[in-house]
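The structure under discussion appears below in the form of structure tokens.
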Amino acid sequence: MKYYSTSGSLQPYTLSEAVLNGLPDDSGLFMPEKIPVLPPEFFSNLHNLSFSETAFEIAYSFLKEDVSEEVIHTIIKNAVNFPAPVVTLDEQTKILELFHGPTLAFKDFGARFMGQLMAHLVRNHNQRLTILVATSGDTGGAVANGFYRTEGIEVIILYPSGKVSPLQEKQLTTLGENITALEIQGTFDDCQKLVKTAFHDIDLLAKYHLSSANSINISRLIPQSFYYVEAYKQVQDKNLPVVFSIPSGNFGNLTAGILAKKMGLPVSRFIASVNANDVFTNYLNSGEYLPRTSVQTLSNAMDVGAPSNFARLLSIYINNITEMRKDIISYSFNDEETTMAMKEVYSKFKYIMDPHGAVAYLGWKKYQETNKECLGIILETAHPSKFIETVEEVLQIELQIPVELSSLSEKKKSATLLPTEYNSFKEFLLNR
């Protein structure tokens, strides 16, 4: 399958070019030339398939022209080896738990798949692949874990100083070996801008073979579509229209859901639930896209003022906002509303939500006000203990920390502090 740039270039790219380069030369994002449509029988037969079997079928539909069936099986076996269970709050409200992977965040799905696929694609390369990744929280830890000690690949992670939780920071700054952490004195948008600029710097490209591991890399989005299908499989009563409420920041998760729908998954609507960084909500309401500097919130992984995957959404809907509105609705909520939602869910259901899941819960409840006859699936994207300070303070409880996180307390942070100026970042890379 060939891939194209969302910036409008007619040049076709191979899978290897799209995945290993991360970004095309024209500053767009890679998209597959066609989204494969799976037969209706696949979706009606989901109850007979395991999670890994459905993941294989989806991955095979995208990769079959470029990667052997045997290799795809191996990738899925090594990447999709933990569950994505749906739990019930009430008859019409479900939660898709995406925090059962090694770093307790949904990004484990994409990072582990991408690590396996990239390792296969670079196996015969002479030059080491250097992955630059900006993170607003969970991406860094998931990518660090997914690529740790992967032969022929090194990872450089940029994260905003003081704007990720202490446990998130430990996950991406304590591994060492082929993982390097850069603590940037700015916002996530500053980190993302540094990464994007580096991809078009001829001096850096002369020294490095650069790639990305954010959701700007197409190989992150394909595996994120897996769990939408897995969630639908677990819905017992499929007579009600199914709606997904997604905590949204850089919009990779939402874009992956749209891919699943375009592949044939019978989803009624997607709710893009955002925090105070409401650029996309305003776009759907007004038709004007006005990116701006992000503001810090309790749901820090969604603190994005210029979401990269907006370009992919425009490409999928051919710049037709009317068509986009048929599939997507968006609501914005502040920190006070977020904490109230966390308290409500704990009080009513004894379920502990992290701030991001709480924003998605608010989105679903808002949608439900005018759409009574539907079933909502809320994406809980991270284990609440990753935001232990916030969760314990809001709910006035003591959280049990999973061993995956408690073991980090003994480890020493190793990160290089850098300003937001591009030249400082470039100088660091050139002098390594």
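Sequential numbering from 1 along the given sequence is applied to the chain's residues. Values below: all heavy atoms of this structure, side chains included; hydrogens, waters and symmetry mates excluded.
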Check whether any side-chain N or O of [X] sits under 3.5 Å from a backbone N or O of [Y] as a donor-acceptor pair, and report yes or no.
{"X": "Asn277", "Y": "Val295", "value": "yes"}
{"X": "Lys261", "Y": "Val267", "value": "yes"}
{"X": "His356", "Y": "Ala382", "value": "no"}
{"X": "Asn309", "Y": "Asn250", "value": "yes"}
{"X": "Ser407", "Y": "Leu405", "value": "no"}
{"X": "Ser385", "Y": "Ile388", "value": "no"}
{"X": "Arg220", "Y": "Lys107", "value": "no"}
{"X": "Lys386", "Y": "Ser165", "value": "no"}
{"X": "Thr187", "Y": "Asp190", "value": "yes"}
{"X": "Asn81", "Y": "Asn78", "value": "yes"}

Are [X] and [Y], when compared by the centres of their aromatic rings, separated by less than 6.0 Å?
{"X": "Phe310", "Y": "Phe251", "result": "no"}
{"X": "Tyr351", "Y": "Tyr346", "result": "no"}
{"X": "Phe109", "Y": "Phe82", "result": "yes"}

Exercise. Can you establish whether the number of heavy atoms outside Lys196 located under 6.0 Å from its atom NZ is more than 12?
Key: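 Result for NZ/Lys196: enclosed.
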Self-check item: Over 12 foreign heavy atoms within 6.0 Å of NZ, Lys207
Solution: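 Atom NZ in Lys207 is packed in, count exceeds 12.
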Exercise. Could you tell me whether the side chains of Asp278 and Tyr331 share a donor-acceptor contact shorter than 3.5 Å?
Key: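 There is no such pair between these side chains.
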Quiz item: So, Ser161 and Gln185: side-chain donor and acceptor under 3.5 Å apart, yes or no?
Solution: no
Salt bridge flag under 4.0 Å for residues [X] and [Y]:
{"X": "Arg123", "Y": "Glu151", "value": "no"}
{"X": "Arg432", "Y": "Glu154", "value": "yes"}
{"X": "Asp203", "Y": "Lys426", "value": "yes"}
{"X": "Asp189", "Y": "Arg292", "value": "no"}

Is any side-chain heavy atom of [X] less than 4.5 Å from a side-chain heavy atom of [Y]?
{"X": "Thr54", "Y": "Phe226", "value": "no"}
{"X": "Leu167", "Y": "Phe387", "value": "no"}
{"X": "Leu158", "Y": "Leu194", "value": "yes"}

Quiz prompt | Considering all heavy atoms, the nearest Ser219-Met114 contact | solution = OG-CG, 3.2 Å
Quiz item: Which class fits the ring pair Tyr60 and Phe56: parallel under 30°, tilted 30 to 60°, perpendicular over 60°?
Solution: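 The rings of Tyr60 and Phe56 lie parallel, inter-plane angle below 30°.
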Quiz item: Aromatic rings Phe270 and Phe244: how do their planes relate, parallel, tilted or perpendicular, breaks at 30° and 60°?
Solution: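 The rings of Phe270 and Phe244 lie parallel, inter-plane angle below 30°.
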Practice problem: Go through the steps for Phe425 and Glu421 under the test side chain to side chain contact (heavy atoms under 4.5 Å, CB included), then give the verdict. | Solution: CA-CA 7 Å; Phe425 174 54; Glu421 286 75 25; over 6 Å; no
Quiz prompt | Quiz item: cation-pi between Lys238 and Tyr232, 6.0 Å / 45° | solution = yes
Self-check item: Criterion side chain to side chain donor-acceptor pair (under 3.5 Å) against Thr297, the qualifying member of Asn334, Thr338, Asn275
Solution: Asn275
